[in-house]
Amino acid sequence: MSPTDATAEGLAIPSREAQAAKADNVDSRGRLLAADGTPLKASLRRALRREKLRAFMLVAPLLAFILITFIAPIGQMLTRSIGNEIVPTTIPGTLAAMGEWDPSVSDAPDERVFQALFFDMFLAAELKEHTKLGTRLNYEQQGMSSLFRGAGRQMDNFGEPYQEFLEDEIDEAWDTAAYWTTLMTTKEGGAAASDLTASVRARLQAMTEDAFAADMPIEVRADMAALLPQTATAYTEFLLTAVNVEEDDPLEEEPWEAVHAALAVDLADPDLRRAATTYAGPGAELLNRAAGRADEMPPLALKEAFLDDDEDWGDREIWGTIKQYAGVYTAGYYLAAVDMAYSPEGEVVEASVPIYLTLFWRTLVLSVTITGTCLLLGYPIAWLLANLPMRTANLLLILVLLPFWTSLLVRTSSWIVLLQDQGVINDVLVFIGIVADNNRLQMMFNEVGTVVAMTHILLPFMILPLFSVMKTIPPSYLRAAKSLGATNFTAFWRVYFPQTVPGIGAGAILVFILAIGYYITPELVGGTSGIFISNRIAYHISSSLNWGLAAALGSLLLIAVLVLYWLYDKIVGIDNVKLG
Amino acid sequence: MTASPAMAQDGPTCPEGEFTLTMVSWGGAYEASQEKAYYQPFTEACPNVTIVQESASNEAVAKLRAQAEAGNTTWDVVDVVASDAIRLCDEGLALEIDPEEWLAEAPDGTSAEDDFGDLLVSDCFIPQIVYSTTFGYRTDVEAWGGSVPGDICAVFDLEGFPGTRSLESRPINNMEWALYCDGVAKEDIYDVLETDEGQARAFAKLDSIKDSTIWWSAGAETPQRLADGEAVIGSTYNGRLFSVIEEQDQPVAMLWDMQVFDLDGWVIPSGVADEDLPAIEAFINFATDTQRLADQAKYISYGPARASSAPLVSTHAELGIEMAPHMPTDPNNAANTLLYNYEWWADFRDDLDAKFQAWLTR
């Protein structure tokens, strides 16, 4: 018995009692059995699953296509609009050191924070990541871009005094790869500080988004990581960068100035200095000597160095911005997209130059206007198409479709030729004397231009759904209405029009959603008062590279469309939409 | 690379093997001039290199970033303006170039670094041409009563020179010109513009002509508007004006006063395939030599970016007219110029642009 037969038979059996009567078809728990002895339900489920699987396989390519080209990019856009990893991954040490620094209490943080900033920036400059961070923060606070670019150039100089002291005053060997590798690394044996290497590697990978090799020719020794923590960290950063980014042999490379500066920081700590004085491992002699003369080291004055380079480093607002954007996620882009901003104290305030809300509002108003004009112009045309003899209707339909086959730019440019000050329409009006030559109509580079050109471009999207709906309305309905005494208008309004509502709904939704995202036409004909929010999105994508803000603006636009769609569903009902 | 820089003067040092290079540029007359001056001579000498052209420079920065994020860089040499090169370099999207290693020496042995001089504005940027953003005006405006604009401030003089202006819809250049015509000394412009009062002052000056101004975003718009009579005076790139005046013979003239110099050149994407590098290096070395840069000026009125090329600029390839007087760098044209301050705009661009757009929509 096939599953379908079983179903048919099952349906034919009126009650459970009757089923149970057929004992050979029922198991001990009263379940129906198929011919092969498996429960009927399971057998049916298996058969249906096969059907479902086949159906799923048929839609799978489309589903995958939509997932990859539609859902995934939207998801990525949403994460980009709140993503802020670049700040915490580039200057984690600085952010940790800033800790409780409060912009309302002091102007700039203390020396400790500037030390952390120096090591973060030195590493970032070596990896060429500091300018990215500057660009990111410049979106929030003007001047950050050159501040970070400028500081990046100074990093070597900031560390140089410590390197020179060690090299000139203690021993020249302090500037050689050979001594440093002996002192710090597993070159001559000893246990590696694997934890340190792993954590520094993780940090570098997060910052550069590149993979760093796990097997290193040499590593910092565990005893050094305990003895000179800052130096060990800086040296590990140097080793990993040398091997992975510069692709140099760390045994040959002199370490960075930052490593010398890190040693100065370690030796400034009395406990660490005491331990370093009595250190007895490889390369002990020079380290003991350096530790013994640590008092003579150039003082640690990195705050002064930063401020000497650019006094803006002492600016409260700069540090307020850094603190404000310290998190992995930020609401900053969305705030900017609705004309708000964080103040240096971290409060949400109105942006100094509101722009986006105006543009959102204008986009909505103009899109509704365009939808309205499309409906006004498209409705009679669609009616004509639906009611003319086939041959004439087809010819007209081609005229409607013609704009589809013409380049968007050509159509837009033609409108410029027609509508501009010295354009065809104005020339004709001046010629027949309706308009004075010095008072020509302004029909381009404003809202009028945008509405006219976009109505023309989007008109087919209104006409086609209307036409396909009107085509299905039998002319006899109108005749019946009239024969029952309706006037022309009543017949149209009470009988014909309600039947075209699904077409109007479909056309209006199509035109509105297309209009709200348009940007080429407004850019060309809209001047300053006819541009849309999409023009700003395009600007942030391709010109200012502020993709986070572009994503936030795009997300808001998406939300606006979804809300309107929902409203439409509530008011008109989405079942009432007929696309063809 | 084994090629000696000096050899490039005679012809390119061809790389060994088969290569396909994708060159990205601006399209139009500009890309055509590059094709004739650089691509064709190079591929004729090195038939093992195929050059594919793509006209996408106007969105190069965004596309390079997208390519880098996708880990699939398909471009080899990208033509961008200097400010974009600086941003690409900042973002780590362009390769740093050592001029001594990559660029050809001048024929007299001057090093490339000295010959290009200050125009090497970024570590990643290979300068190609100097262009300027300047004004053109119609020569047949009746309302002007026979007078012609003598300096930049005519743009802000609606009494003496009535009519529609065509300005670029971004703050860069417009703010500087506005302050200059409001009486700020040229060397103080950026200091003043850095303050809120200075910005308000520039906007106030622009307000005075806002009602008579239409704005452009593509370089072709102003020449078109001047030719149509839609605008009587407008800013655009000097090469565009050259073609309106000399090639299309329209009643338009150049106003060189306070032209803003800017640079255009090449960058190499940092994600470029290693195996393409020999061909890229050979091409750059060939294309940046003194003669080749001078050759480009035969086809378009932009000045070569290296000092030693200037004396070699000859006549237009089709019109036969002497090109030197049409170069923005010609002493007669460059009497009063403004050098675009890249560093300053890198800082203030985002902020001022938002303010400018808000001002425009007001």
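Keep in mind the model is a prediction, meaning the values are calculated, not measured. Per chain, numbering begins at 1; letters A, B, ... match sequence-line order. All heavy atoms count here, side chains included; hydrogens, waters and symmetry mates do not.
Summarising the local packing, CD of A:E311 is surrounded by 12 or fewer heavy atoms from other residues, nucleotides or ligands at distances under 6.0 Å. Atom OH of A:Y519 sits in a sparse spot, with 12 or fewer heavy atoms from other residues, nucleotides or ligands closer than 6.0 Å. For A:E209, the CD atom sits in a loose shell: 12 or fewer heavy atoms of surrounding residues, nucleotides or ligands are nearer than 6.0 Å. A 6.0 Å sphere centred on CG of B:D98 holds more than 12 heavy atoms belonging to other residues, nucleotides or ligands.
If you measure heavy-atom distances from B:D353 to chain A, the contacts under 4.5 Å come from both the backbone and the side chain. If you measure heavy-atom distances from A:T358 to chain B, you find no contacts under 4.5 Å at all. At a 4.5 Å heavy-atom cutoff, A:R136 makes no contact with chain B through either its backbone or its side chain. Neither the backbone nor the side chain of A:L127 comes within contact range of chain B, judged by heavy atoms closer than 4.5 Å. For A:S529, no part lies near chain B; criterion is any non-hydrogen pair under 4.5 Å. Of the two parts of B:L88, neither the backbone nor the side chain holds a non-hydrogen atom closer than 4.5 Å to a non-hydrogen atom of chain A.
Distance check: A:S146 OG to B:F348 CZ gives 7.5 Å after rounding to the nearest 0.5 Å. In this structure, A:L545 CG and B:E91 CD are separated by 5.5 Å, a value rounded to the nearest 0.5 Å. In this structure, OG on B:S166 lies 8.0 Å from CZ on A:F445, to the nearest 0.5 angstrom. B:R87 contributes atom CZ, which lies 7.0 Å from atom OG of A:S544 (distance to the nearest 0.5 angstrom).
Of all the listed residues (B:R170, B:E96, B:E59), the one sharing the greatest number of non-hydrogen pairs under 4.5 Å with chain A is B:E96. Note on A:Q142, A:M444, A:M144: by heavy-atom pairs under 4.5 Å with chain B, the leading option is A:Q142. Highest contact tally toward chain B, considering only A:K128, A:Q420, A:Q141, A:R362, is held by A:Q420 [criterion: heavy-atom pairs under 4.5 Å].
Scanning residues 521-528 of chain A against chain B with a 4.5 Å non-hydrogen threshold yields A:E523, A:T528, sorted by number. Contacts with chain A (heavy atom to heavy atom, under 4.5 Å) involve these residues of residues 61-68 of chain B, listed by number: B:V61, B:A62, B:R65, B:A66. Among residues 214-231 of chain B, the residues having any heavy atom closer than 4.5 Å to a heavy atom of chain A are, in sequence order, B:I214, B:W215, B:S217, B:R225, B:D228, B:G229, B:E230.
When A:N546, A:L549, A:N138 are each tested for a side-chain contact (heavy atoms from CB on, under 4.5 Å) with B:D350, only one passes: A:N138.
In the model, A:Y139 has no side-chain atom that pairs as donor or acceptor with a side-chain atom of B:D351 under 3.5 Å.
Between the side chain of B:D90 and the backbone N or O of A:T131 there is no donor-acceptor pair closer than 3.5 Å.
A:Y356 places none of its side-chain heavy atoms less than 4.5 Å from the side chain of B:Q357.
B:A358 meets the side chain to side chain contact (heavy atoms under 4.5 Å, CB included) test with A:V353, A:I355; sequence neighbours excluded.
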